[in-house]
Asker: 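One structure follows; several queries about it will come next.
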Amino acid sequence: MKVLMFGWEFPPYISGGLGNACYLLTKGLAKEGISITFVIPYAGEEKAEFVNLIGVENIKEFKVKVVNSIIEPYMSNKEYKNKLSKIKNKSLYGNDLYHEVYRFSLAALEIANKEDFDIIHCHDWMTYPAGINVKHLTGKPLVMHIHNTVFDRNSLSPNKYEYDIEKSGFLKSDKIIAISKRVKDSLVNEYKINEDKISVVYWGLDNEKVNEEREKKLMKEKVVLFVGRITMQKGVDYLLQAAKKALDFEKNIRFIVVGSGDMLPQIINKTIELGLSEKINFTGWFNPKEVFKAFQIADLFIMPSVSEPFGLVALEALKNSTPTIISKQSGVSEIINNCLKVDFWDTNDMADKIVNTLRYESLNNELRYNGNLEVEKFTIEKPAKETKEVYIEVLNNG
Amino acid sequence: MVSICMYFQVHQPFRLRKYSIFDIGTKKDYFNEKYNLKLNNEAILRKVSNKCYLPANKLMLKLLNENDFKISYSLSGMAIEQFEKYYPEVLNSFQELVDTKKVEILSETYYHSLSYLYSKEEFKEQIEMHKEKVKNVFGVNPKVFRNTELIYNNEIAKFVEDLGYEGILAEGWDYYLKWRSSNFLYKPKNCNIKLLMKNYKLSDDIAFRFGEKSWKEWPLTIEKFGQWVNAAEGECLNLFMDYETIGEHQWEETGIFEFFKKMPSEILKNPNNNFKTPSEIIKHYNPKDEIDVPNLMSWADVERDVSAWLGNKMQQEALAKIYSVEKLIKENSNKELLDAWRKMQTSDHFYYMCTKWFNDGDVHKYFNPYESPYEAFITYMNVLSDLNIRLKKEEVIIGGKKSKGY
C-alpha cells in the first residue's frame, strides 16, 4: 500500500505537536509495511540537507518531497505577510497565506503526477486544497486527518475563509480521521459532517525507553511545568491566575513556562502585574531533549488548554513519570485516567490540585507511578494499525 | 440437613462534600453536599431506599410472616443515622422486621470503620456505641459480631471474644479453609467464639452474577438455585451479602425480587432444609474444626485482603493522619469535632482512593462518586486540614491572607 501524504512540518523543524505526531504516525505505518511519500512546504538554505536531517534513514519506503514554500504550521495570514516582507525574492511566493496555500496545492499536482500511490492523506487545513486537487486529478481516495479546526485555533473569531476550506475538505474526503472524540464532535456540530464518516484515532508514543537515570533537580522549590505555545488556546493566562492563588498557600513553588508564541509579551506583562516575576521563569523554546529534561525535574506538569484537540505533550509528561494536571477541554483527557483534570477556567480548582499534589508526597507518587504505567498502553503501533484500517476501508469502498 | 443462614449488610457512608483548599477555615459542614448528586447523601439515601430498602423490607416482612423463614442484618450506625435524618419510614420498616422475632441484628463498628487496624480502643468504643444504638432502635442485644467488610484474623476473633460475643462472621476463603467446606460451623484458632464462614460461591452467584447475561448460568432461577442448595454438603450454608444487592446492585428488571420472593417456599420444599439466624446456627451445631487465619482477610475483591482500603500510599497516609489525632480529639470536649472525626473513619472514604482498578482504565466497572481516586484523596485531606485547624486552633489562609480560622 502506497500513501501520498501532505503535511506541514516534520522533525527536526517542528513548532508544535503536529510535526512530531506526523513523524510518529509515519514511523508506525512503516512498521505496518506501508510506504509513504511525505510532502511538506519548506523554504530555507539547508534544503539540500533536509532529508538527511530528519533522521528517517532507517525507515524504508519513506521519502520526503519538499515544496518550496514559506508556509509554517498554524500560521496566520498576518504572520505570513510579515514573513513575506522579509524575503528578497517575493515573486516566488503567494502574496497572502491563502494564495500560498493555493500555490502549494498546484505544486502538489506536479508531485502527484510523478508519484505512484493508492491513497491521499492530508493533515489539517493548509493541505486540503492540495489533497482535493490530487483527488480530482487521480480519482484516488482521500483521507483527511484532523488535528485541529478553526475553532481550536481561534474560538472567539474563527476565520471564515479557513472554515470554508476545511468544510469543503471534509465533504470531499472519503474518510476522516479525528484525533479525539472532541474533534469528532466539533466536526459533527460545527461542520455538519456525517458522524459515520469519521473515525477517532488517538495518538500514541514511541516505545523508546526513557533514560532510567533522571535529570537531577537543582532548585529547592517544587517545580510546576508548562510546555507549549504561548497562545490564547493554551490557557497560560489561566495558569498565571492559578499560580497566584497556589502561592498564597505554598510559597515554595517555582513555575517554569517552556515555549513561545504570540501571547508571550502579554503574559510576561501579566506576570509582573501579578507580582509573580520571581516565581515564574520563561525559558523560550526547548528542543525535545531539553523538554524531556524539564519533565524530569518537574514535580508537576500542567496543561491548562482552553481548547486542545489532543495534547500529546501530556502523554510525554506521563512517560517521563511527571504527575500531570490536564484540562478537561482536551482530547487526551478522554483516554487518560491517572492524572488530575480541571476545567481551564476553574483556577481555584487548578490551585487546589497544584497545592495538594505538591503538599502530599503520597499523592505525587501515586500519580507519578500510575500515570507512567497507564501511558505504556499508548504506543505508536495502535494509531498506525487503526489508520491502516481506515485505508483498507476507503480502498474497499472505492 | 442444611440450614440456610442469610445475613445482609446495610450501610451508607456520610460522603464528604466537594471541599477545596479554599474551603479550609470557612466550611464546617463536611458531609452536606447539595449540588453534586453523587455526593449528596440525602439524595443517595432516598434513591437507594426507594429502589432497595423499602421494597425489599416489604417483601421480607411478607416472607417472614408467611413462611418458616429467618434472616439477619447488620446496619451500620451511619446507615441508621441517615435513616433517622432523611427517611424515618425506612427505619420503621426495619423495626417491623425485627418485631417478627425472626430477624437477628448483628454487631459492628458504629462508623463502619477500619479502627481495629489502627486503634483498638477506638474499635471498642465504636462497638459499644453501635450496641447502644441497636438497643435503642430495635430493643435487642446483638450476640454475633461482623467486622467492617468482614475484615478478620485470629487476633480480631480473640479480641471480639473477649468483648463477650458468641460468634463472628468471616469470608469462607479457600486459602484458609484448605480442604474444608465453608458449610460448617468452626472455631478460630485458640478461641471459643464460633466462626461462621461465608459460602462465597453461592453468595456471589446472587450478589454479583445474578444479572450478568454473559454468565453461563444466567438466568439464575430459584429452582436452579434450590437444586444447588440441595446438592450442597455440610450443615449450614452461609449466604452473606450487601442488602443493596436487592434492587440497587441488581436492578428490579433482573428479576431479583421474584427470586427472593420464591426463595423460602422453594428451599423449604426439601424437608431437610431450614432457615436459621447466626445465633441459632451457633446454638444448633458444634464447631467442626479450628481455622487458622494469621493474616488479614476480607470479603472484597479476588485478593480477599485489605488492599482495597490500604493498598496505596494515599490511603495509608490518609489513615495514618486521621488516627494520629485520636488523643487530641478525645481530650477536646467538642462533640461535633469528635463525630466528624469518626465519620471520616468510615471505610468508604479510603475505598474511593483505591487505584487498583483505575489502572486498567476500566472506570465503568469501578464505583466512585469522585472523579478519580486522586480527587477523593484531595477532598479528604482538605477536610482533614480543616478539622486540624479547628482542633489545634491553627492559623489558616482565607482569601490569600492569614486568618484565625474558627
Side-chain angles (χ1 to χ4, degrees), chain A residues 202 241-251 253 274-276 300 318 323-328 332-343 346-378 382, chain B residues 18-27 36 310-322 350 352-366 368 370-386 388-389 394-403:
Chain A
Y202 293 105
Q241 292 171 35
K244 170 86 179 157
K245 291 174 180 175
L247 284 161
D248 285 341
F249 292 94
E250 294 283 333
K251 295 276 168 273
I253 313 176
L274 290 170
L276 298 175
L300 177 63
L318 292 167
T324 294
I325 298 178
I326 56 177
S327 89
K328 291 178 189 171
V332 72
S333 73
E334 294 164 20
I335 56 168
I336 292 287
N337 298 312
N338 289 282
C339 64
L340 292 165
K341 299 177 189 180
V342 293
D343 286 307
D346 194 347
T347 54
N348 276 7
D349 193 28
M350 227 183 268
D352 186 21
K353 283 170 179 159
I354 291 171
V355 171
N356 276 295
T357 310
L358 301 179
R359 192 177 269 180
Y360 298 109
E361 199 62 25
S362 62
L363 172 61
N364 201 285
N365 282 335
E366 288 295 332
L367 284 166
R368 208 176 269 281
Y369 177 78
N370 295 323
N372 182 258
L373 202 68
E374 185 173 13
V375 84
E376 275 177 22
K377 283 190 304 199
F378 301 98
K382 205 165 167 267
Chain B
K18 260 177 96 81
Y19 199 95
S20 92
I21 199 162
F22 297 93
D23 297 321
I24 299 173
T26 69
K27 287 193 178 114
N36 183 335
L310 292 85
N312 72 39
K313 295 196 177 79
M314 296 186 289
Q315 296 168 311
Q316 290 159 17
E317 176 163 15
L319 276 158
K321 291 246 160 88
I322 190 84
F350 310 102
Y352 301 146
M353 299 174 198
C354 180
T355 48
K356 269 202 290 186
W357 315 279
F358 210 62
N359 286 335
D360 309 335
D362 201 351
V363 194
H364 302 291
K365 269 192 183 171
Y366 168 69
N368 191 345
Y370 299 90
E371 281 183 40
S372 71
Y374 312 108
E375 305 218 0
F377 175 80
I378 289 173
T379 304
Y380 191 87
M381 297 314 275
N382 284 337
V383 173
L384 189 53
S385 295
D386 187 84
N388 271 319
I389 282 161
E394 284 171 350
E395 281 199 327
V396 56
I397 293 153
I398 300 168
K401 293 195 182 68
K402 278 205 169 172
S403 310

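Reminder, nothing fancy here: chain letters follow the sequence lines and each chain counts from 1. Computed from a prediction, not measured in an experiment: that's the story for all the values here. The figures here come from the full heavy-atom set of this structure, side chains too, leaving out hydrogens, waters and symmetry mates.
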Asker: For A:Asn365, is it the side chain, the backbone, both or neither that has a heavy atom under 4.5 Å from a heavy atom of chain B?
Answerer: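 When you check distances to chain B, only side chain atoms of A:Asn365 fall under 4.5 Å.
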
Asker: If every non-hydrogen atom of A:Arg359 is compared with every non-hydrogen atom of B:Ser385, which pair is closest and at what distance?
Answerer: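 Result for this residue pair: NH1-OG, 4.4 Å.
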
Asker: For B:Lys401, I'd like to know if atom NZ has over 12 heavy atoms of other residues, nucleotides or ligands within 6.0 Å.
Answerer: no

Asker: What I want to check is whether the side chains of B:Asn312 and A:Tyr369 have a donor and an acceptor closer together than 3.5 Å.
Answerer: no

Asker: What's the shortest heavy-atom distance between B:Ile397 and A:Asp248, and which atoms?
Answerer: CD1-O, 3.2 Å

Asker: Can you list the steps and then say if A:Lys245 with B:Phe22 is a side chain to side chain contact (heavy atoms under 4.5 Å, CB included)?
Answerer: CA-CA 10 Å; A:Lys245 291 174 180 175; B:Phe22 297 93; 3.9 Å; yes

Asker: Starting from the C-alpha separation in whole Å, work towards a yes-or-no answer on side chain to side chain contact (heavy atoms under 4.5 Å, CB included) for A:Lys328 and B:Glu371.
Answerer: CA-CA 12 Å; A:Lys328 291 178 189 171; B:Glu371 281 183 40; 3.1 Å; yes

Asker: Determine, for B:Glu375 against A:Lys341, whether the closest basic-nitrogen to carboxylate-oxygen distance falls under 4.0 angstrom.
Answerer: no

Asker: Can you measure from CD1 (B:Ile24) to CG (A:Asp352) and round to the nearest 0.5 angstrom?
Answerer: 7.5 Å

Asker: Can you tell me how far CE of B:Met381 sits from OH of A:Tyr360, rounded to the nearest 0.5 angstrom?
Answerer: 4.0 Å

Asker: Of A:Asn364, A:Asn370, A:Asn356, A:Thr357, which meets side chain to side chain donor-acceptor pair (under 3.5 Å) against B:Tyr374?
Answerer: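 When side chain to side chain donor-acceptor pair (under 3.5 Å) is applied between B:Tyr374 and each of A:Asn364, A:Asn370, A:Asn356, A:Thr357, only A:Asn370 qualifies.
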
Asker: Could you measure the distance from the CD atom of B:Gln315 to the CD atom of A:Glu366? Nearest 0.5 Å is fine.
Answerer: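 Going from the CD atom of B:Gln315 to the CD atom of A:Glu366 covers 8.0 Å.
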
Asker: Closest heavy-atom contact between A:Cys339 and B:Ser372?
Answerer: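 What the structure gives for the nearest pair is O-OG, 4.5 Å.
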
Asker: Which answer fits B:Lys18, side chain, backbone, both or neither, if we ask what part of it has an atom under 4.5 Å from a heavy atom of chain A?
Answerer: neither

